[in-house]
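Notes to accompany the following structure.
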There are 2 protein chains.
Amino acid sequence: MGLTKSEIFTKEQNQIAEIAKVLGHPARIAILDFLIKLQSCVCGDLVKEIGLAQPTISQHLKELKRVGIIKGKIEGTSVCYCIDEENWNQIKATLNHFLNKNPTENCC
Amino acid sequence: MGLTKSEIFTKEQNQIAEIAKVLGHPARIAILDFLIKLQSCVCGDLVKEIGLAQPTISQHLKELKRVGIIKGKIEGTSVCYCIDEENWNQIKATLNHFLNKNPTENCC
DNA sequence: ATTATTAATCGTAATATTGCAATAAATAAA
DNA sequence: TTTATTTATTGCAATATTACGATTAATAAT
């Protein structure tokens, strides 16, 4: 096995899990921290800032791009990455919808 | 490799990533949805409700317990699981602190 | 045209995760 | 005590993730 059975869960459950999974690596949190803090967002800067090899950073950027949290614009030989604010707000709303569900009475 | 280099990230980055990682599986989201909605929270109910084998559910419960989102109380042969409200609120606060960071000017 | 710079992709090794059958452990019921 | 019932643990196969060296692709500079 080793294969998540997505088909038995709701669309929303899969969606929340997918977002959370992408946020579930410190390198990707560090990338987002950096992109949120600075407007400078060239890939090479992230490599220097974070201290992982360039292909590794590139891979993490790809994941973040895949779910739409960031976008990249080619500028000569470099690529300028930044938060995709519209998608990011959407994603935050989805997460908050889950986080704001309130538990009822507990049995323990 | 295949081993996350936690030591190069901040404590907060690792913390957020760990929480997100645990939320990064639809079965665990489904378990939380169920625990939030109902007060009945015996492990066997989750097995029936979710449709994964008992050892699989047990493993997911263990993960959720490890980061403190849920707790379990033994009741005879069954175990009553529920949200650990205090920890859950703490975790939500940590996530919200990250989610509420606002990006500055974009270059793309 | 050649060379440098920058980022993406490929290939691969190490490790982690997911899922379940089989089994163990622990209490309840008979 | 024996038998159910319920959950945890173990062991394992399949798959996914993480990380990076080597290479490629694409533009810029000379």
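Labels below follow one simple rule: chain letters A, B, ... track the order of the sequence lines, proteins then strands, and each chain is numbered from 1. As a basis for the values below, the full set of heavy atoms in this structure was taken, side chains included, without hydrogen atoms, waters or symmetry mates.
- Which of C/dA26, D/dT7, C/dT18 sits closest to the side chain of B/T77 comes down to C/dA26.
- The nearest pair of heavy atoms linking A/C41 to A/L35 is CB-CD2, 3.1 Å.
- If A/A53 and A/I74 are placed on DNA chain D by their nearest nucleotide, the residue sitting closer to the 5' end is A/A53.
- Put simply, NZ on B/K73 is 16 Å from P on C/dT27, counting in whole angstrom units.
- One can place CD1 of B/I31 at 10 Å from P of C/dG19, the figure rounded to the nearest angstrom.
- Taking the six-membered ring where tryptophan is involved, the planes of B/H60 and B/H25 are tilted, since the angle between them lies from 30° to 60°.
- In this structure, B/E18 places its CD atom 13 Å from P of C/dA16, rounding to the nearest Å.
- For B/P55, the listed nucleotide lying nearest its side chain is D/dT9; candidates were D/dT9, C/dT6, C/dG19.
- At a cut-off of 3.5 Å, with distance as the only test, a side-chain donor of B/E12 or B/H97 sits close to an acceptor on the other residue.
- Atom P of nucleotide D/dA19 and atom CD1 of B/I8 are separated by 7 Å, given to the nearest angstrom.
- Considering only side-chain atoms of B/R28, the nucleotide from C/dT6, D/dT7, C/dT18 that sits closest is C/dT18.
- When each of D/dA19, C/dT18, C/dA16 is scored by its nearest atom to the side-chain atoms of A/H60, the top-ranked nucleotide is D/dA19.
- Looking at B/R66 and B/E18, their side chains come closer than 4.5 Å, going by heavy atoms from C-beta outward.
- Across all strands, B/T56 comes closer than 4.0 Å to base atoms (heavy-atom distances).
- Residue-level contact check: A/I57 touches neither bases nor backbone, having no heavy atom under 4.0 Å from any strand.
- The 5' end of DNA chain D is approached more closely, in terms of each residue's nearest nucleotide, by A/A27 than by the other of A/A27 and A/G76.
- Counting non-hydrogen atoms under 4.0 angstrom, B/L52 reaches the backbone sugars and phosphates but no base.
- Ranking D/dT7, C/dA16, C/dG19 by closeness to the B/H25 side chain, first place goes to C/dG19.
- For the pair A/Y81 and C/dA8, the criterion of a side-chain N or O lying under 4.0 Å from OP1 or OP2 is met.
- In this structure, B/E63 atom CD and C/dG19 atom C1' are separated by 14 Å, rounded to whole Å.
- Mapping A/K5 and A/V47 onto DNA chain C by nearest heavy atom places A/V47 closer to the 5' end of the strand.
- The residue A/S58 sits close to a base: some heavy atom pair falls under 4.0 Å.
- Counting only heavy atoms from C-beta on, B/Q54 has its side chain closest to D/dT7 among D/dA19, C/dT5, D/dT7.
- Shortest non-hydrogen contact noted between B/L52 and B/A27 is CD1-CB, 3.8 Å.
- Between the P atom of D/dT7 and the CD atom of B/E75 lies a distance of 10 Å, rounded to the nearest Å.
- Rounding to whole angstrom units, NZ of residue A/K48 and P of C/dT6 are separated by 8 Å.
- Checking D/dC20, C/dT6, C/dT9 against the side-chain heavy atoms of A/Q59 singles out D/dC20 as nearest.
- Distance B/I29 CD1 to C/dT18 P: 12 Å, rounded to the nearest Å.
- Taking only side-chain atoms of B/V79, from C-beta outward, the nucleotide of D/dT9, D/dA8, C/dC20 with the closest atom is D/dA8.
- Distances shown here put every side-chain N or O of A/K21 at or beyond 4.0 Å from the OP1 or OP2 atom of D/dA16.
- Considering only heavy atoms from C-beta on, A/I70 comes within 4.5 Å of A/L32 through its side chain.
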